[in-house]
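Take a look at the structure below.
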Amino acid sequence: MKTEFLKNVIPFAVVTLGISGAFVTTSMQKAPKDLIPEDGYALNPQGGCSDSKTSCDTQETDYVCRIGGLSGPQAFGKDEDDRCVVKLWKPDN
């Protein structure tokens with residue numbers, strides 16, 4: 001009796017979990033993104049961080065973050081060793 005019950009219920013449970021997972025994934029994609037702006041720095045001739053900085057995002061978008069608009073030097077974020085190597089993205093304004 002138990003075996004027959006499990007044989008009938010398990011496929012239903014798997015389908016239900018799959019459908020629930022699809023709805024949760026879709027709603028997560030539509031959730032607003034609470035982005036924290038991060039300072040982006042241009043590289044100096046020695047490869048270190050320069051004094052020029054701008055506000056960038058860590059969330060990937062279509063464009064990398066640049067100092068002074070779309071045509072300036074690319075801006076990088078600082079890692080834990082204070083090196084400018086973190087790729088940053090243009091904020092959506």
Side-chain angles (χ1 to χ4, degrees):
M1 176 95 173
K2 266 188 180 180
T3 307
E4 209 167 303
F5 176 75
L6 287 176
K7 283 182 182 178
N8 292 331
V9 170
I10 296 239
F12 178 72
V14 168
V15 169
T16 304
L17 283 173
I19 291 171
S20 300
F23 281 113
V24 169
T25 302
T26 303
S27 64
M28 289 295 290
Q29 291 173 352
K30 293 179 182 176
K33 299 173 188 169
D34 294 331
L35 299 176
I36 299 171
E38 184 170 324
D39 286 336
Y41 300 88
L43 297 178
N44 62 25
Q46 293 78 29
C49 301
S50 72
D51 293 333
S52 303
K53 70 178 181 177
T54 189
S55 182
C56 303
D57 284 337
T58 55
Q59 180 69 34
E60 186 173 339
T61 62
D62 291 336
Y63 302 102
V64 294
C65 190
R66 296 188 175 277
I67 304 286
L70 294 173
S71 61
Q74 185 173 348
F76 294 91
K78 292 182 178 181
D79 67 0
E80 50 277 340
D81 296 326
D82 246 13
R83 296 176 297 167
C84 285
V85 294
V86 178
K87 192 171 191 176
L88 296 176
W89 305 94
K90 182 181 179 307
D92 290 332
N93 296 8

When you look at Thr54 and Cys65, which way does the side-chain contact (heavy atoms from CB on, under 4.5 Å) test go after all the steps?
CA-CA 8 Å; Thr54 189; Cys65 190; 3.8 Å; yes
Evaluate the side-chain proximity of Val64 to Trp89: yes if any heavy-atom separation is below 4.5 Å, no if none is.
yes
Quick one: closest heavy-atom pair of Asp57 and Pro91, and the distance?
OD2-CA, 3.1 Å
Taking every heavy atom of Glu38 against every heavy atom of Thr58, the minimum-distance pair comes out as OE1-CG2, 3.1 Å
Does the pair Leu43 and Phe76 meet the rule for a side-chain contact (heavy atoms from CB on, under 4.5 Å), with working shown?
CA-CA 8 Å; Leu43 297 178; Phe76 294 91; 3.8 Å; yes
With sequence neighbours excluded, give me every side chain to side chain donor-acceptor pair (under 3.5 Å) pair touching residues 71-80.
Asp79-Arg83
Holding to side-chain contact (heavy atoms from CB on, under 4.5 Å), I want the full list of residues that pass it with Ser52, two or more places apart in sequence or in another chain.
Ala42, Ser50, Ile67
Heavy-atom pair of closest approach, residues Leu88 and Gly40:
CD1-CA, 3.6 Å
Is a side-chain donor or acceptor of Arg66 paired with a backbone partner of Gly72 at a separation under 3.5 angstrom?
yes
State the OH-SG distance between Tyr41 and Cys56, to the nearest 0.5 angstrom.
10.0 Å
Distance from Asp39 atom CG to Lys53 atom NZ, nearest 0.5 Å?
4.0 Å
